[in-house]
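Single-structure report; data block below.
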Amino acid sequence: MRQPTGEQLVFHHSVFTETCKIPYGRVTSYGQIARRIYRPQNARQVGMSLKNLTTYTRFFDDPEFQNLPWWRVVNSQGVISKRERAEAVTEQATLLRREGVIVSERGGEYFIDLNEFGWFEDASDDSKSSDESDD
DNA sequence: TATCTGACTGGGA
DNA sequence: ATCCCAGCCAGAT
């Protein structure tokens, strides 16, 4: 893997920063993060940033990235996205359940109800944003 | 340099 | 609702 350009580092840093903002017990989508960092066409790239999380986070000093909550990011349908490391999927489901997120199974996939646990900056979530408590 | 791939999405059939 | 697919764009070969 090559050294990311400064522009890419900015992108990755933005993704990590936004991911860290996702409240405990809530989830958001790759596309939503892309929108939040003003790169609406880069949802796939958001996934890549998280895929290479350990590689990219070492380019930054931010200690908050040490325990970055990558598991709070799912796809726009509320499904835990498939990936090369299949184990990471069940691992993500476990981490989410540990935070109280209800993760149900559908044909071998793990599904989260975004109406219940989804986090969106424009959502009028007045009752659900109060149950935060970092670990 | 050319081509393929993927932790994505939204829209059309 | 489900399936399919073109667009997307940085990384990997």
Side-chain angles (χ1 to χ4, degrees):
Chain A
M1 179 175 300
R2 274 167 279 172
Q3 170 74 225
T5 66
E7 202 170 307
Q8 288 311 311
L9 287 178
V10 169
F11 180 86
H12 296 311
H13 189 276
S14 299
V15 170
F16 298 149
T17 297
E18 288 305 315
T19 301
C20 285
K21 291 180 183 175
I22 307 171
Y24 181 100
R26 306 293 292 281
V27 300
T28 195
S29 69
Y30 302 94
Q32 182 62 209
I33 288 179
R35 282 188 45 177
R36 286 180 61 101
I37 65 175
Y38 307 102
R39 295 287 167 93
Q41 313 307 115
N42 292 60
R44 302 190 78 146
Q45 185 59 23
V46 169
M48 226 166 9
S49 292
L50 296 179
K51 173 184 179 181
N52 298 304
L53 190 128
T54 56
T55 298
Y56 294 144
T57 51
R58 65 186 173 75
F59 290 118
F60 310 107
D61 289 333
D62 198 325
E64 187 172 31
F65 294 168
Q66 299 298 329
N67 191 31
L68 193 152
W70 55 268
W71 56 88
R72 295 176 193 154
V73 184
V74 298
N75 69 29
S76 63
Q77 305 173 70
V79 174
I80 295 178
S81 296
K82 186 179 184 298
R83 61 203 67 174
E84 297 176 11
R85 264 189 71 236
E87 319 156 314
V89 175
T90 56
E91 180 185 341
Q92 184 168 356
T94 298
L95 287 166
L96 285 172
R97 284 169 170 158
R98 200 177 71 181
E99 301 187 345
V101 175
I102 296 174
V103 184
S104 51
E105 282 189 68
R106 282 187 182 180
E109 291 186 316
Y110 291 93
F111 175 81
I112 293 95
D113 183 357
L114 295 182
N115 282 319
E116 185 70 23
F117 301 101
W119 182 66
F120 304 95
E121 63 179 328
D122 57 300
S124 54
D125 51 14
D126 33 46
S127 59
K128 293 169 187 168
S129 59
S130 58
D131 60 343
E132 301 175 28
S133 59
D134 291 330
D135 45 14

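Lettering of chains follows the sequences in order, A, B, ..., and the numbering in each one begins at 1.
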Rounded to whole angstroms, how far apart are [atom1] on [X] and [atom2] on [N]?
{"X": "A:Ile37", "N": "C:dC9", "atom1": "CD1", "atom2": "P", "value": "13 Å"}
{"X": "A:Lys51", "N": "B:dC8", "atom1": "NZ", "atom2": "C1'", "value": "14 Å"}
{"X": "A:Ile80", "N": "B:dG6", "atom1": "CD1", "atom2": "P", "value": "20 Å"}
{"X": "A:Glu91", "N": "B:dA7", "atom1": "CD", "atom2": "P", "value": "15 Å"}
{"X": "A:Gln8", "N": "C:dA12", "atom1": "CD", "atom2": "C1'", "value": "14 Å"}
{"X": "A:Trp71", "N": "B:dA7", "atom1": "CH2", "atom2": "P", "value": "19 Å"}
{"X": "A:Gln32", "N": "B:dG10", "atom1": "CD", "atom2": "P", "value": "10 Å"}
{"X": "A:Asn75", "N": "C:dC8", "atom1": "CG", "atom2": "C1'", "value": "16 Å"}

Task: Letter per nucleotide, 5' to 3', of nucleotides 1-7 of chain C [B base touched, S only sugar-phosphate touched, - untouched; heavy atoms, 4.0 Å] - done: ------B

Task: Under 4.0 angstrom between A:Ser29 side-chain N/O and B:dC8 OP1 or OP2 - done: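 So the side chain of A:Ser29 is outside the cut-off, no N or O lying under 4.0 Å from OP1 or OP2 of B:dC8.
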
Open item on the list: Please tell me if A:Ser76 has a side-chain N or O lying less than 4.0 Å from either OP1 or OP2 of B:dC8.
Closed with: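 For A:Ser76, the contact criterion (side-chain N or O under 4.0 Å from OP1 or OP2 of B:dC8) is not met.
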
Open item on the list: Pair A:Gln92, A:Arg83 - check side-chain hydrogen bond (donor to acceptor under 3.5 Å, both in side chains), show working.
Closed with: CA-CA 12 Å; A:Gln92 184 168 356; A:Arg83 61 203 67 174; 2.9 Å; yes

If you check every side-chain atom of [X], which of [options] has the closest atom?
{"X": "A:Glu84", "options": "B:dT9, C:dA10, B:dG6", "answer": "B:dG6"}
{"X": "A:Tyr30", "options": "C:dG11, B:dC8, C:dC9", "answer": "B:dC8"}
{"X": "A:Gln45", "options": "B:dA7, C:dA10, C:dC8", "answer": "C:dA10"}
{"X": "A:Ala43", "options": "B:dT9, B:dA7, C:dA10", "answer": "B:dT9"}
{"X": "A:Leu50", "options": "B:dA7, C:dA10, C:dG11", "answer": "B:dA7"}

Task: Distance-minimising heavy-atom pair for A:Leu68 and A:Cys20 - done: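 For A:Leu68 and A:Cys20, the tightest heavy-atom pair comes out as CG-SG, 4.0 Å.
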
- [ ] Among A:Leu50, A:Val89, A:Asn75, find the residue that satisfies the side-chain contact (heavy atoms from CB on, under 4.5 Å) test when tested with A:Ser81.
- [x]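 Running side-chain contact (heavy atoms from CB on, under 4.5 Å) over A:Leu50, A:Val89, A:Asn75 with A:Ser81 returns exactly one hit, A:Asn75.
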
- [ ] Map A:Val74 and A:Met48 onto DNA chain B by nearest heavy atom, then report which one ends up closer to the 5' terminus.
- [x]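 The answer here is A:Met48.
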
TODO: Could you summarise the pairing of DNA chain C as dot-bracket text, marking Watson-Crick and G-U pairs under 3.5 Å with ( ) or [ ] inside the strand and | across strands?
DONE: .||||||.|||||

Open item on the list: Does A:Arg26 qualify as a cation-pi partner of A:Phe117, given the criterion of NZ or CZ under 6.0 Å from the six-membered ring centre and within 45 degrees of its axis?
Closed with: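 No.
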
Task: side-chain hydrogen bond (donor to acceptor under 3.5 Å, both in side chains) assessment of A:Gln32 paired with A:Trp119 - done: CA-CA 9 Å; A:Gln32 182 62 209; A:Trp119 182 66; over 6 Å; no

- [ ] Please report the C-alpha distance between A:Thr57 and A:Asn52 in whole Å, then the side-chain angles of each, then the deciding distance to 0.1 Å, and finally whether the side-chain contact (heavy atoms from CB on, under 4.5 Å) criterion is met.
- [x] CA-CA 8 Å; A:Thr57 51; A:Asn52 298 304; over 6 Å; no

Open item on the list: Let's go through A:Lys21 and A:Glu18 carefully: what are the C-alpha distance in whole Å and the side-chain angles of both, what is the deciding distance for salt bridge (charged side-chain N to carboxylate O under 4.0 Å, His left out) to 0.1 Å, and is it a yes or a no?
Closed with: CA-CA 5 Å; A:Lys21 291 180 183 175; A:Glu18 288 305 315; 3.0 Å; yes

Open item on the list: Keeping A:Ser49 on the side-chain end and A:Gln45 on the backbone end, is there a donor-acceptor pair under 3.5 Å?
Closed with: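 Yes: the side chain of A:Ser49 pairs with the backbone of A:Gln45.
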
- [ ] Report yes if some heavy atom in the side chain of A:Trp71 is under 4.5 Å from a heavy atom in the side chain of A:Thr94; otherwise report no.
- [x]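 Not touching, per the 4.5 Å side-chain cut-off.
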
Open item on the list: Heavy atoms only, 4.0 Å cut-off, all strands: where does A:Ser49 land among base, sugar-phosphate and nothing?
Closed with: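 Nothing, no heavy atom under 4.0 Å.
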
Task: Near-ring test A:Tyr56/A:His13, centroid separation under 6.0 angstrom - done: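 They do not qualify: ring centres at least 6.0 Å apart.
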
